[in-house]
Number of protein chains: 2
Amino acid sequence: MADSPTVREAAEAWEALFRCQVGMMRRLQKLAEFKELNMREYDVLFNLGRCPSGSSRLTDLNEHLLISQPSLSRMAERLEAKGLVERRPDPSDQRAVLVSLTDAGRELQRRIGREHVRHIHELLAPALDSGELAQLQELTRKISAALP
Amino acid sequence: MADSPTVREAAEAWEALFRCQVGMMRRLQKLAEFKELNMREYDVLFNLGRCPSGSSRLTDLNEHLLISQPSLSRMAERLEAKGLVERRPDPSDQRAVLVSLTDAGRELQRRIGREHVRHIHELLAPALDSGELAQLQELTRKISAALP
DNA sequence: AGAAAATCTATGCAATTGCATGTAATAACC
DNA sequence: GGTTATTACATGCAATTGCATAGATTTTCT
């Protein structure tokens, strides 16, 4: 069972993962916490929240998102207008823009995050036990780590 | 290890799965097979392709997608204009519209699908062996099956 | 049967998205 | 050191998206 996978095995596993993700997202997206900020916008705040330095270039941030660079550029603009993020030129590279959470942004991210996490638990807990979740985490991390 | 999971465990597993999905999608989306049809449109053809009856109501189809109902309605319109799908009234429910693949649609779906599957394999094979992919499939299917 | 509620799709419209491209700054090359 | 290539972000513009809602049919309830 430790053989190198066939194309079919890879495709079927991916399909299962993808469908699982769609099913979860469809349910999560509609919940109350995403009324004031949709999931894409929340995802930006979330990613900024876990930046070690507290701020990130737009391009680096974009690596973690599925939206295009121009889209992120404008989303950052809107989030700034809402007072949730700050933009300032990168002192070490005049082309770049550093984005970081404002206090209000951090607070909103945490508030939404708490609800979000609670709902994730509600969806996953009936399906998998603690050990299975750990397995799932390990497998998906392995994939992420191996991506080119 | 078979305990009921904590909120944290659920959230961390979900985050790992989500990031894995984003990483995979970002790479897959840019490949040549999605030049003539983007992933969202391909996904519609794919879902129609595996409909047992060969056709599906818009609403049922929409269950498997992340786009909104009006968006799907218009996407179906565009796919019909391209000659890839057919729309006809549901004889058993005058409100509903049945969508199905045309021959051209089925052929395009298969052509894109072959490339797509090959690329999925390229991304997953270096990360997981055959048994691990089977585990991943089982875990994600369990989640899908348990969703409300 | 008839009224009220629910379901399925389509459409008006504003907002968001992506593509192609522009501008400015940095890196690479000779 | 100066030219070329690359990188980072912004912007014009057309296409797509979602929200709110309308229109039409079916289901439910009494």
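Bear in mind that the values here come from a model prediction, so they are computed numbers and not experimental data. Every heavy atom of this structure was used, including side-chain atoms; hydrogens, water molecules and symmetry mates were not. Numbered from 1 within each chain, the chains take letters A, B, ... in sequence-line order.
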Euclidean distance, atom CG of residue B:Leu61 to atom P of C:dA10 [Å, nearest integer]
12 Å
Sort out for me which residue in A:Arg114, A:Arg111, A:Arg118, A:His119 forms a side chain to side chain donor-acceptor pair (under 3.5 Å) with A:Glu33.
A:His119
Would you please confirm or rule out a distance under 4.0 Å between OP1 or OP2 of C:dA15 and any side-chain N or O of A:Arg78?
no
Which heavy atom in B:Gly49 sits nearest to a heavy atom in B:Arg106, and how many Å separate them?
O-NH1, 4.5 Å
Is there a chain of hydrophobic side chains (I, L, V, M, F, W, Y, each step under 4.5 Å between heavy atoms) that links A:Leu17 to B:Leu65?
yes
Taking CG from B:Asn62 and P from C:dT9, how many angstroms apart are they, rounded to a whole number?
9 Å
Here the distance between atom P of D:dT17 and atom CD of A:Gln29, to the nearest Å, is 14 Å
Under 4.0 angstrom between A:Ser73 side-chain N/O and D:dA10 OP1 or OP2:
yes
Could you check which of C:dC8, D:dG18, C:dA25 has an atom nearest any side-chain atom of B:Ser68?
D:dG18
Euclidean distance, atom NZ of residue A:Lys30 to atom P of D:dG18 [Å, nearest integer]:
11 Å
Answer with yes or no whether B:Gln69 presents, from its side chain, a donor or acceptor under 3.5 Å of a partner atom in the base of C:dA10.
yes
Starting from P on D:dT11, measure out to CE on A:Met75 and report it in whole angstrom.
17 Å
On DNA chain D, does the nearest nucleotide to A:Lys35 precede the nearest nucleotide to A:Ser56 from the 5' side, or the other way round? Give the residue.
A:Ser56
Short side-chain N/O contact to D:dT16 OP1/OP2 from B:Arg74, under 4.0 Å:
no
Upstream residue (5' side of DNA chain D) when A:Asp60 and B:Leu72 are each assigned their closest nucleotide
A:Asp60
Within this structure, what is the CG-to-P distance between B:Asn38 and C:dT17, rounded to whole angstrom?
15 Å
For a quick test of reading the model: is some side-chain N or O of A:Ser71 closer than 4.0 Å to OP1 or OP2 of C:dT16?
no
Per B:Arg40 side chain, nearest of listed nucleotides D:dT17, C:dG18, C:dT26
D:dT17
Between the base of D:dT7 and the side chain of A:Arg95, is there a donor-acceptor distance below 3.5 Å?
yes
Without decimals, in angstroms, what is the distance between A:Met39 CE and C:dT17 P?
14 Å
Nearest to the side chain of A:Pro70 - C:dT17, C:dT26, C:dA20?
C:dA20
May I ask you to decide if A:Ser4's main-chain N or O and B:Ser130's side chain share a donor-acceptor pair within less than 3.5 Å?
no
May I ask you to say whether B:Arg27 pairs ionically with B:Glu122, meaning some side-chain N is under 4.0 Å from a carboxylate O?
no
In whole Å, I'd like the distance from the CD1 atom of A:Ile67 to the P atom of D:dT17.
15 Å
